[in-house]
K.L.:
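Okay, here's the structure, questions in a sec.
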Amino acid sequence: VQLQASGGGLVQVGGSLRLSCTASGPPYSRPAMGWFRQAPGKEREFVAYISGSGRSTRYQDSVEGRFTISRDKAENTAYLQMNNLEPEDTAVYYCAAAQFYSDVKSGPDYWGQGTLVTVSS
């Protein structure tokens, strides 16, 4: 699976951004997908993930209610809509994929390149 992420940028506090990640190639036709992030000087952390069907989602507590993960099954693309952004959301965001929903958070099989999100105050 190849993952192509896009959508990062610079935004002010309280603003919004939408990240996209398109999955292509074998071996999974519709992988579960997720987003992680890594802030400067910190370890990579889970943000959100969504099942292959799109029916199940999970979020990190700090983004619950502000971020929404969704997917376009036809395009095999996952989106992360980020609203009410805070300086603490500044990080490089990575998309990830796994065959099973339960594996996305604990051990994705594939990673996309990172996209930088900077929230300025």
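We're numbering straight along the sequence, starting at 1.
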K.L.:
Taking only residues two or more places apart in sequence, or in another chain, which ones meet Asp89 in a side-chain hydrogen bond (donor to acceptor under 3.5 Å, both in side chains)?
P.N.:
Arg37, Arg66

K.L.:
Tell me, please, which residues at least two apart from Arg58 pass side-chain hydrogen bond (donor to acceptor under 3.5 Å, both in side chains).
P.N.:
none

K.L.:
Let me confirm one number: the OG-CD distance from Ser121 to Glu86, rounded to the nearest 0.5 Å.
P.N.:
11.5 Å

K.L.:
Please lay out, stage by stage, how Glu45 and Gln60 fare under the test side-chain contact (heavy atoms from CB on, under 4.5 Å).
P.N.:
CA-CA 9 Å; Glu45 63 178 4; Gln60 182 198 107; 3.2 Å; yes

K.L.:
Looking only at heavy atoms, which two atoms of Gly52 and Arg30 are closest? And how far apart?
P.N.:
O-CD, 3.0 Å

K.L.:
Above 12 or not: heavy atoms from other molecules or residues under 6.0 Å from CD of Gln38?
P.N.:
yes

K.L.:
For the side-chain contact (heavy atoms from CB on, under 4.5 Å) test, which of Leu80, Thr57, Thr68 pairs with Ile50?
P.N.:
Thr57

K.L.:
Who else is in the cluster with Tyr94 when I, L, V, M, F, W and Y are joined by side-chain contacts under 4.5 Å?
P.N.:
Phe36, Phe46, Tyr49, Val92, Tyr101, Val104, Trp111, Leu116

K.L.:
Which heavy atom of Tyr59 sits nearest to which heavy atom of Ala48, and what is that distance?
P.N.:
CD2-CB, 3.6 Å

K.L.:
Could you point out which residue of Val47, Val119, Val63, Leu19 forms a side-chain contact (heavy atoms from CB on, under 4.5 Å) with Met82?
P.N.:
Leu19

K.L.:
Please list, one pair per line, the donor and acceptor atoms closer than 3.5 Å that link side chains of residues 2-10 to other protein atoms, with sequence neighbours excluded.
P.N.:
none

K.L.:
Only pairs at least two apart or in different chains count here, so list each salt bridge (Lys or Arg N to Asp or Glu O under 4.0 Å) that has a residue in residues 94-121.
P.N.:
none

K.L.:
With sequence neighbours excluded, what pairs up with Ser51 under the side-chain hydrogen bond (donor to acceptor under 3.5 Å, both in side chains) test?
P.N.:
Ser53

K.L.:
Measuring only between side-chain heavy atoms, which start at C-beta, is Val117 closer than 4.5 Å to Leu17?
P.N.:
yes

K.L.:
Any donor and acceptor pair, going by atom type alone, linking the side chain of Asn76 with main-chain N or O of Ser29 inside 3.5 Å?
P.N.:
yes

K.L.:
Quick one: which residue pairs count as a disulfide (SG to SG under 2.5 Å) with a foot in residues 7-73, not counting sequence neighbours?
P.N.:
Cys21-Cys95

K.L.:
Specify the closest pair of heavy atoms between Met33 and Ala23, including all atoms of both residues, with the distance to one decimal.
P.N.:
CE-CB, 4.0 Å

K.L.:
By side chain to side chain contact (heavy atoms under 4.5 Å, CB included), which residues pair with Pro26, not counting sequence neighbours?
P.N.:
none

K.L.:
I need the Leu85 CG to Ser120 OG distance, nearest 0.5 Å.
P.N.:
10.5 Å

K.L.:
Could you tell me which residues satisfy salt bridge (charged side-chain N to carboxylate O under 4.0 Å, His left out) with Glu64, sequence neighbours excluded, listed by chain and number?
P.N.:
none

K.L.:
Transitive ILVMFWY cluster of Tyr79 at side-chain heavy atoms under 4.5 Å: who else is in it?
P.N.:
none

K.L.:
May I have all residue pairs that pass side-chain hydrogen bond (donor to acceptor under 3.5 Å, both in side chains) and include part of residues 14-27, sequence neighbours excluded?
P.N.:
Ser16-Asn83, Thr22-Thr77

K.L.:
Over 60° means perpendicular and under 30° means parallel, so classify the ring planes of Tyr28 and Tyr110, tilted if in between.
P.N.:
perpendicular

K.L.:
Just grab all the disulfide (SG to SG under 2.5 Å) pairs involving residues 40-81, residues at least two apart or on different chains.
P.N.:
none

